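Input: a single structure, listed below in structure tokens.
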Amino acid sequence: MKRIVFLQPVGIVERDILIKLKKDLEWVLKGYINKVKISLEPLELKHSEYDAFRRQYDASKILKRIKQLQRKENGFRILGIIEEDMYVTHLNFVFGIAQSPRGIFITLPQACLISTTRLRESFYRRPKNESLFELRILKEAIHELGHTFGLDHCREECVMRFSNCLSDTDLKPAKFCESCIEILNLNFSYLRRD
Ligand SMILES: [Zn+2]
Ligand SMILES: [Zn+2]
């Protein structure tokens, strides 16, 4: 099976962001995936998934729709990307969410989702910084894809460190640590068997 990651815009997402992320992910995840493809049809935003009081979208509901899309595509991984702010129950906001398969289940298609809203300097009323913005998107994308590859949160100098706030994202590197790479290689050995 070809390991293709589909980049799925949810609502309107700047095309340049998707193109940059595609290139960066193909570089960082080479050896694990074959290709990143950008879906041309955006998944529409739904009013029923919007909480007008919180002014945020329900990440779990969107992830569910992304999973349904994936069944049609039969892809390896699908990464949703949304420019709106999102939440899950009990958390004020989330940068992203993902399915976290265990063991052999990593061979099944998995989905994840990231939001770009809080990765922009302008969200914090600071001057625009495009390269910093792109680097943050890359880190969050690798992090959520890492979960879909069976990785948990990690305490090392590693992209799998949990980000509670934006400074946590800025402090972590855009790559996996040695021990996460070991787990990744073990998990991917299930895929190499098919
Ligand atoms: Zn995480
Ligand atoms: Zn790690």
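The model shown is predicted, which means the values in this text are computed figures rather than measured ones.
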Exercise for review: Begin with the C-alpha distance, continue with both residues' side-chain angles, and end with the deciding distance and a verdict on side-chain contact (heavy atoms from CB on, under 4.5 Å) for Asp152 and Arg102.
Suggested key: CA-CA 10 Å; Asp152 287 320; Arg102 287 290 167 267; 2.5 Å; yes

Exercise for review: Could you please spell out the steps behind the side-chain contact (heavy atoms from CB on, under 4.5 Å) verdict for Leu43 and Ile82?
Suggested key: CA-CA 10 Å; Leu43 191 68; Ile82 181 170; over 6 Å; no

Point to revise | Audit row: Gln68, Arg65, side-chain contact (heavy atoms from CB on, under 4.5 Å) steps and yes/no | key: CA-CA 5 Å; Gln68 286 163 357; Arg65 280 200 290 140; 4.2 Å; yes

Practice item. Test side-chain contact (heavy atoms from CB on, under 4.5 Å) on Phe76 and Leu191 and set out the steps. Key: CA-CA 11 Å; Phe76 171 64; Leu191 287 158; 3.9 Å; yes

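When every heavy atom of Ile104 is checked against every heavy atom of Tyr190, the shortest pair comes out as CD1-CD2, 3.5 Å. When every heavy atom of Gly96 is checked against every heavy atom of Met86, the shortest pair comes out as CA-CE, 3.8 Å. Closest of all the heavy-atom pairs between Ile33 and Val36 is CD1-CG2, 3.6 Å. When all heavy atoms of Leu25 and Ala141 are compared, the pair lying nearest together is CD2-CB, 4.2 Å. The shortest heavy-atom contact between Val88 and Ala59 is CG1-CB, 3.9 Å. Summarising the geometry of Leu138 relative to Ala174, their closest heavy-atom pair is CD2-CB, 4.3 Å, with the distance given to 0.1 Å.
Using a 4.5 Å heavy-atom threshold, the side chains of Phe149 and Asn187 count as separate. Between Glu157 and Cys177, the closest side-chain pair of non-hydrogen atoms is not below 4.5 Å. When side chains are defined from C-beta on, Pro9 counts as touching Leu18, because their heavy atoms get closer than 4.5 Å. Side-chain contact between Leu119 and Phe95 is present, with at least one heavy-atom pair separated by less than 4.5 Å. Side chains of Lys175 and Val159 form no contact here, defined as non-hydrogen atoms less than 4.5 Å apart. Side-chain contact between Val94 and Ser115 is absent, with no heavy-atom pair separated by less than 4.5 Å. The side-chain heavy atoms of Phe123 and Thr117, taken from C-beta on, include a pair separated by under 4.5 Å.
In this structure, the separation between CG on Leu132 and CG on Asp170 is 5.0 Å, given to the nearest 0.5 Å. Atom-to-atom distance recorded for Leu79:CG and Leu113:CG is 8.0 Å, nearest 0.5 angstrom. How far CD1 of Ile183 is from SG of Cys154: 7.5 Å, rounded to the nearest 0.5 Å. In this structure, SG on Cys112 lies 10.0 Å from NE2 on His143, to the nearest 0.5 angstrom. The CG atom of Leu166 lies 10.0 Å from the CG atom of Leu171; values are rounded to the nearest 0.5 Å. From Ile142, atom CD1 reaches atom CD1 of Ile137 across 12.0 Å, with rounding to the nearest 0.5 Å.
Within the 3.5 Å criterion, the main-chain N or O of Glu182 finds no donor-acceptor partner in the side chain of Asn185. Within the 3.5 Å criterion, the main-chain N or O of Tyr57 finds no donor-acceptor partner in the side chain of Glu49. At distances below 3.5 Å, at least one donor-acceptor pair connects side-chain atoms of Tyr124 with backbone N or O atoms of Arg118. Between the Gln110 side chain and the Phe105 main chain, a donor and an acceptor come within less than 3.5 Å of each other. A donor-acceptor distance shorter than 3.5 angstrom exists from the side chain of Arg161 to the backbone of Arg155, with no hydrogens or angles considered. Within the 3.5 Å criterion, the main-chain N or O of Gln99 finds no donor-acceptor partner in the side chain of Thr148. In terms of modelled atom types and a separation under 3.5 Å, the side chain of Asn34 and the main chain of Ile4 share no donor-acceptor contact. Side-chain atoms of Gln56 come within 3.5 Å of backbone atoms of Asn92 as a donor-acceptor pair (strictly under, hydrogens ignored). Lys139 places a side-chain N or O within 3.5 Å of a backbone atom of Lys172 that can act as its donor or acceptor partner.
Considering only residues two or more places apart in sequence or on other chains, Glu140 meets the side chain to side chain donor-acceptor pair (under 3.5 Å) condition with Thr169. Partners of Glu26 under the side chain to side chain donor-acceptor pair (under 3.5 Å) rule, at least two apart in sequence or in another chain, are Lys22. Checked against ring-ring contact (aromatic ring centres under 6.0 Å, His included), Tyr32 has the following partners two or more places apart in sequence or in another chain: Phe188.
Hydrophobic cluster membership differs between Phe162 and Phe176, with clusters built from Ile, Leu, Val, Met, Phe, Trp and Tyr side chains linked at under 4.5 angstrom. Under the 4.5 Å side-chain heavy-atom criterion for Ile, Leu, Val, Met, Phe, Trp and Tyr, Phe133 and Leu7 are members of the same hydrophobic cluster. Following chains of ILVMFWY side-chain contacts shorter than 4.5 Å, one can reach Ile38 starting from Leu145, so the two form part of one hydrophobic cluster. Residues Tyr87 and Leu63 fall into different hydrophobic clusters, defined by Ile, Leu, Val, Met, Phe, Trp and Tyr side chains chained together at heavy-atom separations under 4.5 Å.
Between His153 and His147, the ring planes are perpendicular. Angles over 60° get that label, and only those under 30° would be called parallel.
The neighbour count for Ile12 CD1, taken as heavy atoms of other residues, nucleotides or ligands under 6.0 Å away, does not exceed 12. Shown here is Glu178, whose CD atom has no more than 12 heavy atoms of other residues, nucleotides or ligands within 6.0 Å.
Between Asp58 and Lys46 no salt bridge is recorded (no basic side-chain N to carboxylate O distance below 4.0 Å). The pair Glu144-Arg77 fails the salt-bridge criterion, with no side-chain N (NZ, NE, NH1 or NH2) lying under 4.0 Å from an Asp/Glu carboxylate O. Under 4.0 Å is where a charged nitrogen must lie from a carboxylate oxygen, and between Asp24 and Lys20 at least one such pair does.
Because its NZ or CZ atom is both nearer than 6.0 Å to the ring centre of Trp27 and within 45° of the ring axis, Lys30 counts as a cation-pi partner of that residue.
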